Amino acid sequence: MNDEKQNAVKIPHSLVLEDRRRLTVSGVSDVDSFDEQTIVVFTPLGELTVKGADLRISRLDLEMGELAVEGEIASLAYAGQAPEKQASFFSRVFR
């Protein structure tokens, strides 16, 4: 399980929102569900929920981990906890 978390964190993850009409997400591992109001995807930093109106997935490439969404985007929210960052060298030495 620890190996899975460490591997998942290494996948680059980013969000680019343009004019609240176009969203590009990298680091997508899977799509949980989608309809015109909600899209739920899995990323290395947790489950990402996109809410809005007239949402449509214009591009999905799970091999490259890329997703493009178009429509009226109202909110982006992560569920669950983000993976913990490893302590720095000095914080481990000076405990």
Side-chain angles (χ1 to χ4, degrees):
M1 180 84 174
N2 270 345
D3 289 337
E4 288 177 17
K5 284 185 179 181
Q6 287 175 349
N7 289 338
V9 175
K10 292 179 184 177
I11 299 171
H13 174 59
S14 67
L15 301 170
V16 177
L17 180 61
E18 300 174 39
D19 299 325
R20 291 182 65 177
R21 302 275 316 149
R22 278 181 249 125
L23 173 68
T24 304
V25 183
S26 65
V28 174
S29 60
D30 199 7
V31 176
D32 184 43
S33 64
F34 65 94
D35 59 32
E36 290 184 345
Q37 289 83 32
T38 307
I39 298 173
V40 181
V41 297
F42 296 109
T43 73
L45 298 179
E47 184 180 272
L48 174 65
T49 302
V50 180
K51 291 189 178 185
D54 299 322
L55 298 178
R56 61 195 168 281
I57 296 175
S58 60
R59 187 180 74 229
L60 175 63
D61 184 347
L62 293 179
E63 287 183 20
M64 297 297 292
E66 296 176 355
L67 168 75
V69 176
E70 294 180 358
E72 295 178 31
I73 298 165
S75 71
L76 303 168
Y78 287 94
Q81 296 179 341
E84 294 180 19
K85 292 184 178 180
Q86 291 185 354
S88 70
F89 172 75
F90 290 110
S91 66
R92 289 182 292 191
V93 170
F94 295 110
R95 282 190 184 170

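Computed from a prediction, not measured in an experiment: that's the story for all the values here.
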> From Phe34 CZ over to Leu55 CG, what is the distance, rounded to the nearest 0.5 angstrom?
Replying inline: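 Result: 11.5 Å between the selected atoms.
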>> Just so I know, are the side chains of Leu23 and Glu18 near enough to count as touching, which here means a heavy-atom distance under 4.5 Å?
In response: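 Contact flag for Leu23/Glu18 side chains = no.
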>> Applying side-chain contact (heavy atoms from CB on, under 4.5 Å) to Val28 and Leu62, what does each step give before you reach the verdict?
In response: CA-CA 7 Å; Val28 174; Leu62 293 179; 4.1 Å; yes
> So, are Arg20 and Glu72 salt-bridged, with charged N and O less than 4.0 Å apart?
Replying inline: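 No, no charged N to carboxylate O under 4.0 Å.
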>> Please tell me whether Met64 and Val25 are part of a single hydrophobic cluster in this structure, the criterion being side-chain heavy atoms less than 4.5 Å apart.
In response: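 No, Met64 and Val25 fall in different hydrophobic clusters.
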>> Would Leu60 and Val31 count as a side-chain contact (heavy atoms from CB on, under 4.5 Å) here? Give the steps.
In response: CA-CA 9 Å; Leu60 175 63; Val31 176; 3.9 Å; yes
>> Treating His13 as the side-chain partner and Pro44 as the backbone partner, does any N or O pair qualify as donor plus acceptor under 3.5 Å?
In response: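 Not a single qualifying donor-acceptor pair exists.
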> Counting N and O atoms only, with roles assigned by atom type, does the side chain of Ser58 sit under 3.5 Å from a partner on the main chain of Glu70, one being a donor and the other an acceptor?
Replying inline: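 The answer is no, because no donor-acceptor pair under 3.5 Å joins these two groups.
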> Among Leu67, Val40, Leu76, which residue meets the side-chain contact (heavy atoms from CB on, under 4.5 Å) test with Val50?
Replying inline: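 Exactly one option meets the side-chain contact (heavy atoms from CB on, under 4.5 Å) with Val50, and it is Leu76.
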>> Show every salt bridge (charged side-chain N to carboxylate O under 4.0 Å, His left out) that has at least one partner inside residues 28-53, sequence neighbours left out.
In response: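 Output for this query is empty, none listed.
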> Looking at residues at least two apart in the chain, or sitting in another chain, which of them share a salt bridge (charged side-chain N to carboxylate O under 4.0 Å, His left out) with Glu63?
Replying inline: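 Partners of Glu63 under the salt bridge (charged side-chain N to carboxylate O under 4.0 Å, His left out) test: none.
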>> Quick one, Ile39 with Ile57, criterion side-chain contact (heavy atoms from CB on, under 4.5 Å). Give me CA distance, side-chain angles, the key distance, then yes/no.
In response: CA-CA 9 Å; Ile39 298 173; Ile57 296 175; 3.9 Å; yes
> Nearest heavy-atom pair of Leu45 and Tyr78: which atoms, and what distance?
Replying inline: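 Closest approach of Leu45 to Tyr78: O-CD2, 4.0 Å.
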